[in-house]
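We're numbering straight along the sequence, starting at 1. Quick note: numbers below take in every heavy atom, side chains included, and nothing from hydrogens, waters or symmetry partners.
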Amino acid sequence: MGLEVMGGRCGLFCFIWRVLWCVLSEAQKWSVTMPTEMSVLAGSCVDIPCTFTHPYSHLPSQIVWYSYSATGYPVVYSQNTGDVAEPFRGRTQLTGDAESRNCGLKIREVSAAMDGYQLYPWIDPNEVKHNFYHNMVKLNVRVTTPAVQLTVEGNATVGGTLRISCTVVHTCPSSPPALTFGGIIGDVQNSQADLGSGKWQAQSTISFPARTSDQGREVGCWVHHSGKQAAPSWVEINVNYAPQSVHVSGESSRAVVGGSVALECRNDANPPASSFLWYLQRSGSVNALDGGGQSITATDLLPGQNRFYCTAHSSLGVANSSSPFIISVEYQPSILPESSCVVHGRVMWCWCKVRSLPSATMKWKVEGTLPQFALSDMEEFSVLQNHTLRGKLRINKAVLHISVTCKASNAHGQKEHTLTVKAPPQNTSINLQPARVLEGQSLILACSCEAFPAVLSYSWYQVLEDSVVQLSEQSERLHLQVTGRHMGPFRCSAFNEIGEGRSASTLVHADFAPVISPNSTCTLQNGAVWCECVVESYPVATVTWTAPSVEANQTVSVEPHGPLRSTLTGHLMSGQVRLITCHATNEHGRNSLQLELKGSSAVSSPAAVVCGAVVVAILTAVAFYWIQRRRRMNNQDDLVMEIELNRSDQR
């Protein structure tokens, strides 16, 4: 009996073990593979990759996503959209299906409220009891856009091809962020790569030929995520090129016999030039100088012009200075280029600057003869300093077209030069580019003038009611973003070495479609109609009226820098129409506003009283007529009834 009991227990144990083994083996076949965390940008979307395995004995048919919570398990995705809880309602969809064992989930327009949510899928939740919430993905929602990475590749030598790649990681392959470049023009190629675990990489690469002008240029990359734009990232381009712009500079272009001058061979090269050669041209012959450094000291200078050249060498090439540096020793007079006549108000000053060794003497000529014979009102004097003669002539007339000549002489020769007449900038004005602009568009104000010598700088000002504010822009053009219907007024000043030229104030008008003010009104008093339609627009709108019950006259007035006011006057004709419509039209659109006549049309004149009495009399007569007719009809009906009764009695 003991053996039987023991055998029974063994059989029961084996049975239970087999059942448990089957359950465990079945349960081990359920598995879900997905990331444990995903970093998502608010406002963007996220595709959560998800796959699962299942027992062979179970055919999955439904996938439901939940959010893990201490107080419940809110539905994140379900075929029954009414079960989906906030903030996921209307924003989730499956990217796979149960048959292909793909439980991927897409969330659109991720909000900051989703931060920290832990999500998990459940396969056939009404049938499967597997604890799927053991595998969850946590959403980390950030509000700042991820940083972009910029890399520069390619041949950095002039003529080679450079490539700048801009990459950013995101979670929304169906709507990847847009990448744009600024600061450079080239061929752009875009691509996208799957990094795994729900991360994707968007990349944009711009290719362009390397140019000398690109050295040190900063190129920016902007990233746009579903309407959000991140601050650009910048990278500086390094371009290698052979020496260029080679020229000689020195501490002085004058020397005494036996003196010396320090010279430097300046150039632009990347990498910098490593060696230099020097040459001296004198009396038609060219000689190489000792020393290969970038700087030398010129000694043993001979009278006359000593012309110095240099050559710069680098690993990429060789370049020569295009013009010489001249050191002059004891030479005949030369009149310097800055010699000129300048108009200051109603007076013209003429300067003649002569450099010579030994010092020169100077003579003036006006209109080909001596000044005292050509002009009755003038002054003349000269100053000698440091071997430079500065002659000055004052003419008390602002004559732009006059010939003034200065002549300088010394023992080595003479020089005569007709001076150029200079003046502050003339006819300064502001041009709008484009001449017409809408609100929100960009506008350029260009300051133009006639100037000799050339303009050196510009200043821009905004004229306020009680002050003038100087703007920071100092170039010829002022870039504006049109933010209002009227901006300014603005004015500019152009400066050259002589003085300033000012423009008139310019008010910037932005074009816009007509806007009818709600202050527009219509009134009626004793039958007289008075309507006013207040319209703002640019260009000025055409105003028309629709007034079917009014005999009207129309007048229009425009206020300076203000709205257009159109007035309609007249008398109300018969009828009950008390609505009048104002229409305003320009090239940018049309607008209408319906106005109701407010007031009374009552008339208190004697004619109106008489008219009222006549109307009452007519109404009384009509009423009396209908009463009498009704009585006659009743009498006829009584007679007919009596006849019918008599006929009945006879029968």
Rounded to the nearest 0.5 Å, what separation is found between the OG atom of S245 and the CG atom of D268? 5.5 Å
Only one of Y120, F52, W122 passes ring-ring contact (aromatic ring centres under 6.0 Å, His included) with F132, and that residue is W122
I'd like to check C172 versus S44 (side-chain heavy atoms, cut-off strictly below 4.5 Å). Are they in contact? yes
What's the verdict on side-chain hydrogen bond (donor to acceptor under 3.5 Å, both in side chains) for S39 and R142, showing C-alpha distance, side-chain angles and the deciding distance? CA-CA 7 Å; S39 182; R142 62 177 183 271; 2.3 Å; yes
For the residue pair T81 and R89, confirm or rule out a side-chain donor-acceptor distance under 3.5 Å. no
Would you please say whether a donor-acceptor pair under 3.5 Å links the side chains of T585 and T542? no
Establish, from distance only, whether the side-chain atoms of K106 and S174 form a donor-acceptor pair under 3.5 Å. yes
Heavy-atom check, side chain of Q189 versus side chain of Q203, under 4.5 Å: no
Donor-acceptor pair between S475 and E473 side chains, under 3.5 angstrom: yes
Approximate separation, where rounding is to 0.5 Å, of H486 NE2 and H509 NE2: 6.5 Å
Which residue, L507, V463, L480, forms the side-chain contact (heavy atoms from CB on, under 4.5 Å) with F490? L480
With no hydrogens and no angle check, just 3.5 Å: does a side-chain donor-acceptor pair link S165 and T205? yes
Identified side chain to side chain donor-acceptor pair (under 3.5 Å) partner of D124 from the options Q62, K129, H58: H58
Is it the case that Q474 and S457 place a side-chain donor and acceptor less than 3.5 Å from each other? no
Does a donor on one side chain and an acceptor on the other come within less than 3.5 Å for H583 and T546? yes
Between R485 and E439, is there a side-chain N and carboxylate O pair less than 4.0 Å apart? yes
Stepwise side-chain hydrogen bond (donor to acceptor under 3.5 Å, both in side chains) test for S31 and T53: CA-CA 5 Å; S31 67; T53 61; 2.4 Å; yes
Do W545 and S566 have side chains that get closer than 4.5 Å, going by heavy atoms? yes
Answer yes or no for C533 and C582: SG-SG distance under 2.5 Å. yes
Using 0.5 Å steps for rounding, measure from the CG atom of N586 to the CG atom of D511. 7.5 Å
Checking the side chain of N131 only, and the main-chain atoms of Y133 only, is there a donor and an acceptor separated by less than 3.5 Å? no
Using the rule side-chain contact (heavy atoms from CB on, under 4.5 Å), only one of L119, V76, V75 pairs with Y66; which is it? V75
H170 and H225 aromatic centres sub-6.0 Å: no
Any luck finding a side-chain donor-acceptor pair between N238 and N270 under 3.5 Å? yes
Look at R91 together with E86 and state whether they make a salt bridge at an N to O cut-off of under 4.0 Å. no
Check whether the side chains of R266 and Q294 place a donor and an acceptor atom closer than 3.5 Å, and report yes or no. no
Donor on one side chain, acceptor on other, S204 and N190, under 3.5 Å: yes
For the pair W30 and H54, name the ring-plane relationship: parallel under 30°, tilted 30 to 60°, perpendicular over 60°. tilted
Side-chain donor-acceptor pair present, S448, N431, cut-off under 3.5 Å: yes
Taking the side chain as every heavy atom from C-beta outward, state whether V482 and Q441 have any atom pair closer than 4.5 Å. no
